[in-house]
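In what follows, chains are A, B, ... by sequence order, proteins preceding strands, each numbered from 1. Hydrogens, waters and symmetry mates play no part in the numbers below; they use all other heavy atoms, side chains included.
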Amino acid sequence: MPTDAAKEPMSKSYAPSDHESRIWDKWMASGAFHADPSRVLSSEAQPYTILIPPPNVTAALHLGHALNNSIQDILIRAHRMKGYETLWMPGTDHAGIATQTMVDKKLKEAGKPGIADYKKMELEGKPGREEFLKLVHDFKDEYEARITDQLQKMGCSCDWDRQRFTMDDICARAVREAFFQLFKDGLIYRGKRLVNWDPVTQTALADDEVEMEDVEGFFWYMKYPVVDASGNETGEFVTVATTRPETFLGDTGVAVNPDDPKHKKFIGQRVKLPFVNRIIPIIGDDYVVMADPNSSDSKAQYASGFLKVTPAHDPNDWMIGQRHDLEVINIMAPDASISDTHGWEDVGDAQQFVGLSREDARIAIEKAFDDAGLLEAKKPYSHAVGHSYRSHAAIEPYLSDQWYCKVSDDKLRGNAQRAVRPDQRTEKSIKDWPESRPKMVAENSTDGSMSFFPARYTKTYETWHDNLRDWCISRQLWWGHRIPVWHKRYDLTTDEALDLCASEVDEVMETYWPDQFCIVKNAETGADISLKELFIPTGKNSTQILREGVVDVYICDIRENASCWENDGFKQDPDVLDTWFSSALWPLSTMGWPDAAAAKDSSGIEDFESMLSAFNPTSLLTTAREIITLWVSRMAMFNRYFLGENEQPGKAPFKDVFIHAMIQDGEGRKMSKSLGNGVDPLDIIHSHGADAMRFTLCQMTTQTQDVRMPVEHDKSTGKNTSPKFDLGRNLCNKLWNAAKFSMMMLEKNPIEPGMPIDPQELTLIDRWMLSRVVDATNKINTAQRSYMFKDYADTIYDLFWRDFCDWYLESIKPTIADNPNQRAVLRLVFEAIIRLMHPVMPFITETLSERFADIPMREITGFNFAQTRTNETLCQSGWPEPIDELRDEVAEDAYERVRSLVSTIREIRAQSQVAPKRKIVLHATGSLADDITRWSPLVETLAGVESITADSPDGQAASFTFEGAEYQLSNLADALDEGAEKDRLEKELATIEKSIKGIEGRLANPGYTDKAPAHLVQQTRDQLAGLEKDRDATKSALEKLG
RNA sequence: GGGCUAUUGGCGCAGUUGGCUAGCGCACCAGUAUGACACACUGGGGGUCACAGGUUCGAGUCCUGUAUAGCCCACCA
């Protein structure tokens, strides 16, 4: 039913804001975006599914999001029209550290208490955590609403009834279940490791949350005295080179390369750490780079040959320490100040440094060494240092207890690797895989269903997995999924504790399984203790302790009432999970895993229980390339792990992964807040319209990794924009006007109902136009399948603007009123064009569809549309599926000749400065006179020709050649400028002769005629013959001029 | 340090297995109120395809090297 708005006369130009919100409401009311899993399960329709990469709730969407989501919507809409049951699952991500930091910052800016104040409250026993999280929730609600609004303004046809948030109840249930299963299977463990510690936000960061920045620093050369067996200085010194002198307090060894001819003699000796007076060994380790001032390796240039080893404060040193069983001494507090209360006891004479920040300690230590004559040198040195991507503070490698996910296990990493389609793998055969890469279960397994587009990104995915280390999943934050583990330390020598512990474990083992799982660790060594080693059942409900000592008991419990452990003195782990842990579960949690019934209850969505089987695996994931490791890989691991059955891994969560380009500004820089070069999608929607933005973004999306968008600052609005979007705006306006014109034609002379029209009965121009639609449809289908978005945009642009507007509409002007079949063609072709355009430009096409709703369509045999649920709105209508027989080569060739003749005549008109309105006469006396006469209506209309005659001109005339013959045009002007005519023909002749020369040269080369394919050589010969005819005709025309 | 991408008229980009005179949009020049569109129409000018070698009958396209720009990854002596 057309609305009133659709009845109003069409405006002179297209104004997006007059239509977009009305169309959006219409779509929402129609339920067009709601996916019905039952149609998939009953095989009525094939599924097509995309999960939105959930945007962080930290900020409004930027142009990169606009690009990514336009791409998704284009594919979703196209598949909906092709008859697929489409699901585009929307949602947002809680973005743990980013959101918490953002809220803290905003609170501080508003002069309100920040997280530090709430932490204080917590220490005072007040509910600081709870209060702070309320504020974060408010912030999240605000931004989630903003993001949703933005996506809807862009026209994103997500299934909005199913919108998820990574921390809502349904997702939280999935997170707890996943954590529990991994915990139970031994794939989550607690470990003391060096983590990337952000001393400002005081949390551990994942490797990928650390940004490397080049820093202008120094190399310090510090002298350590060598001591003899009894600890007395021998008078010799070794000089260690370091960029971090402050960590010397934690040195527990000095390493030398065992192949170092100059220094290897020191191996086995010992040195005394200045001030601390700790005696530490000199060890041999081939990690150490030997000093070589002439080396191209900057490390060798700066190295002294001696490497100080600080296992607690450097990842490399940690590994050296592990190899040589060195002591691990942590000398810092969590805020990165020097501390003697976090594991450092032998302070010795170094008390002066305790309490200093790491920066101040560096200065103090340099001075102390210098004063003591122990600083040999200090040289400037530029190197990369990790910084927190949030606080931008330098990362401190810091020893702490964290939860890890054992992603290096073959069940996770291996299955993620094997998910890649075999012919995309860089090593084609599994046998060729590097030693580090997990092996296939079997060459012929069902693995390998996931493809990357462009394929080169497979390599990124593979190499990342090759070098994968276990994933630190705990974060010392408040905003996130709380780790479902309760901890209590027991002294097993105390009877009371022993009884309690025994009863707890007993309960865990027998009563509550499988909702809880328990691990026990030796509190001193951190070693795991098997429950069976620890307790032995001695009868019903009683156990006997087998060992003594102090143990840490960790209970993982995912029941709703798990806080009951607190009554027994257990405490829940204060940490939350890395954001990517819940993101990794996105293909599962959004589909109701693990408990669809519960998801149904909490969401009220009836068909939740069919979702997983209908829509997982999904069809496509589109994302930015930096997310391949953070997200794509982890989703692959988790989907395969949790959906596996009977030792067989589940499927990859998506068939295709499309990595889109990154939008840079005109200078090739990343768009960012700090550079102020970002463009807000809403601003563009406001100034150009959503469709214009979408078309332009689609048109820019090539297979390269970066695309540039020149940014201009509009002083009148104070906003950034880009002239690139004019392209889309102009196209919308052109479409609007072409529609207005077509409608005028069709309303003046209505389409007559009747039997389907046989295409053979149509005129040349109509058959040509239908043929162009068929060709474009095929090209678009191919472009969509291969994610060539620019090809799609260019094809639709050319079909509509070049073929339909420039040639078809111009050609039919004189005949449409009298030709009912032509009106049927116009109506159908217009319909096909707006349907082909709709996925890219949904609002304007839906608007036009409303307006054309009253103009009936008469069928043309073979010009079909796909079957869909309904044709109620354009977005649900069927995709054009014309049969291949409508591709009419004869009509295409013939019309190509008409166009060529018209262009030639137009060129002469322009060059001879014929007044645009002047009607000229074409004298077709040559060999093609019959053809030209048959085309006369077209040629007359398009080239401004009054009449075509077989008579020779009796007055002045301009000659031209067409397809090797000579023709004349007369009545060009009241008095023809013969000199100008001569110039024109001479220029023409020169061009032809130049071409002939080139072709003759090629044919004279025996290498070409002998070795090039025969059809190519023949083609060249034909071309030469044609050019020779043109040359002769032009010459003859020139001769007539005298 | 490793990997990847780009370099084509003033600007932004196509050019998929090597094959007619290298295309498109914007901008530019000339003309135009023509049954919708000046956000338009018609015609035109402008490129030794970053550079140097090589393979080939033939290279923007393949190979090698160089330069420049950018991105991603990497345990900070």
Side-chain angles (χ1 to χ4, degrees), chain A residues 10 12-14 194 207-208 212 215 217 219-220 240-244 255 287-289 297-299 302-304 306-310 314-319 381 383-386 394-395 397 456-457 459-460 463-464 467 469 625-626 628-629 662 664 666-670 699-700 702-710 722-724 726-727 729-745 786 788 790-791 794 797-798 805-806 809-810 813 903 906-907 909-911 913 915-917 944 991 994-995 998-999 1002 1005-1013 1016 1019-1020 1023:
Chain A
M10 291 179 75
K12 189 167 164 61
S13 58
Y14 175 62
L194 281 185
D207 293 342
D208 37 61
M212 302 312 285
V215 168
F219 249 104
W220 284 266
V240 296
T242 180
T243 55
R244 298 208 51 200
Y287 174 78
V288 180
V289 175
D297 177 7
S298 67
K299 252 183 204 170
Y302 283 88
S304 69
F306 294 98
L307 174 66
K308 63 192 269 308
V309 183
T310 323
D314 183 286
N316 298 312
D317 294 8
W318 169 265
M319 288 193 296
Y381 181 69
H383 60 137
V385 176
I395 291 300
R456 69 181 114 92
Y457 290 112
K459 199 170 176 180
T460 310
T463 32
W464 187 72
N467 303 315
R469 292 181 299 162
R625 67 178 171 285
E626 68 265 23
I628 295 172
T629 52
M662 193 172 71
Q664 302 174 334
E667 274 81 57
R669 298 172 307 180
K670 215 169 173 168
Q699 195 270 159
M700 284 174 67
T702 61
Q703 306 290 300
T704 61
Q705 60 180 22
D706 308 306
V707 292
R708 288 187 186 193
M709 156 107 31
S722 173
K724 289 214 76 164
D726 293 352
L727 171 70
R729 184 199 55 195
N730 296 356
L731 177 61
C732 288
N733 190 242
K734 185 79 176 173
L735 177 60
W736 182 256
N737 279 289
K740 189 161 65 175
F741 182 66
S742 302
M743 186 137 69
M744 191 178 72
M745 306 260 211
S786 45
M788 308 281 240
K790 188 190 166 57
D791 282 3
D794 285 350
Y797 187 95
D798 287 343
C805 293
D806 290 355
L809 286 184
E810 293 302 327
K813 278 176 180 175
S903 296
R906 281 175 175 172
E907 201 179 318
R909 290 186 68 121
Q911 285 173 2
Q913 296 186 305
K917 277 188 172 166
T991 313
K994 199 179 157 200
S995 300
I999 288 172
R1002 202 183 318 157
N1005 178 358
Y1008 178 67
T1009 47
D1010 294 350
K1011 294 190 182 173
L1016 262 173
Q1019 207 176 304
T1020 313
Q1023 199 187 346

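Taking A:Lys790 as the reference, A:Gln699, A:Asp794 meet the side chain to side chain donor-acceptor pair (under 3.5 Å) condition, with sequence neighbours excluded. Evaluation of the side-chain contact (heavy atoms from CB on, under 4.5 Å) rule for A:Arg625 yields A:Tyr457, A:Ile628, A:Ile659, A:Met662, A:Gln705, A:Asp706 as partners, not counting sequence neighbours. By the side chain to side chain donor-acceptor pair (under 3.5 Å) test, A:Thr310 is found to be paired with A:Asp251, A:Lys308, residues two or more places apart in sequence or in another chain being considered. Applying the side-chain contact (heavy atoms from CB on, under 4.5 Å) criterion to A:Glu810, with sequence neighbours excluded, gives A:Lys813, A:Leu942. Residues satisfying the salt bridge (Lys or Arg N to Asp or Glu O under 4.0 Å) criterion with A:Lys12, sequence neighbours excluded, are absent altogether. Residues that satisfy the side-chain contact (heavy atoms from CB on, under 4.5 Å) test with A:Ala241, not counting sequence neighbours, are A:Phe219, A:Tyr221, A:Ser304.
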For nucleotides 12-18 of chain B, print each protein N/O atom paired with a nucleotide N/O atom at under 3.5 Å, atom names and distance only.
{"from": "B:G12", "atom 1": "O3'", "to": "A:Arg708", "atom 2": "O", "distance (Å)": "3.4"}
{"from": "B:G12", "atom 1": "O2'", "to": "A:Lys724", "atom 2": "NZ", "distance (Å)": "2.4"}
{"from": "B:C13", "atom 1": "OP1", "to": "A:Arg708", "atom 2": "N", "distance (Å)": "2.6"}
{"from": "B:C13", "atom 1": "O2'", "to": "A:Lys790", "atom 2": "NZ", "distance (Å)": "3.4"}
{"from": "B:A14", "atom 1": "OP1", "to": "A:Thr702", "atom 2": "OG1", "distance (Å)": "2.5"}

Restricting to nitrogen or oxygen on both sides, can you table the protein-nucleotides 61-63 of chain B pairs closer than 3.5 Å?
none

Taking N or O atoms only and anything under 3.5 Å, show me the protein contacts with nucleotides 54-60 of chain B, one pair per line.
{"from": "B:C57", "atom 1": "OP1", "to": "A:Lys1011", "atom 2": "NZ", "distance (Å)": "2.1"}
{"from": "B:C57", "atom 1": "O4'", "to": "A:Gly1007", "atom 2": "O", "distance (Å)": "3.3"}
{"from": "B:C57", "atom 1": "O2'", "to": "A:Asn1005", "atom 2": "ND2", "distance (Å)": "2.8"}

Using a cut-off of under 3.5 Å, enumerate the N/O to N/O pairs linking the protein to nucleotides 41-46 of chain B.
{"from": "B:C41", "atom 1": "OP1", "to": "A:Lys734", "atom 2": "NZ", "distance (Å)": "3.1"}
{"from": "B:C41", "atom 1": "OP1", "to": "A:Trp801", "atom 2": "NE1", "distance (Å)": "2.4"}

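No engagement by A:Thr1020 is indicated, since no non-hydrogen atom pair under 4.0 Å with the nucleic acid exists.
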Q) In dot-bracket form, how is RNA chain B paired, counting a Watson-Crick or G-U wobble pair only if both its distances are under 3.5 Å and using | for bases paired to another strand? A) ((((((((.[[[[.)...(...]]]].(((((.......))))).....[[[[[..)....]]]]])))))))....
Q. Base, backbone or nothing for each nucleotide of nucleotides 27-32 of chain B, written B, S, -, heavy atoms under 4.0 angstrom, 5' to 3'?
A. -----S
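Within the 4.0 Å cut-off from OP1 or OP2 of B:C4, at least one side-chain nitrogen or oxygen of A:Lys459 is found.
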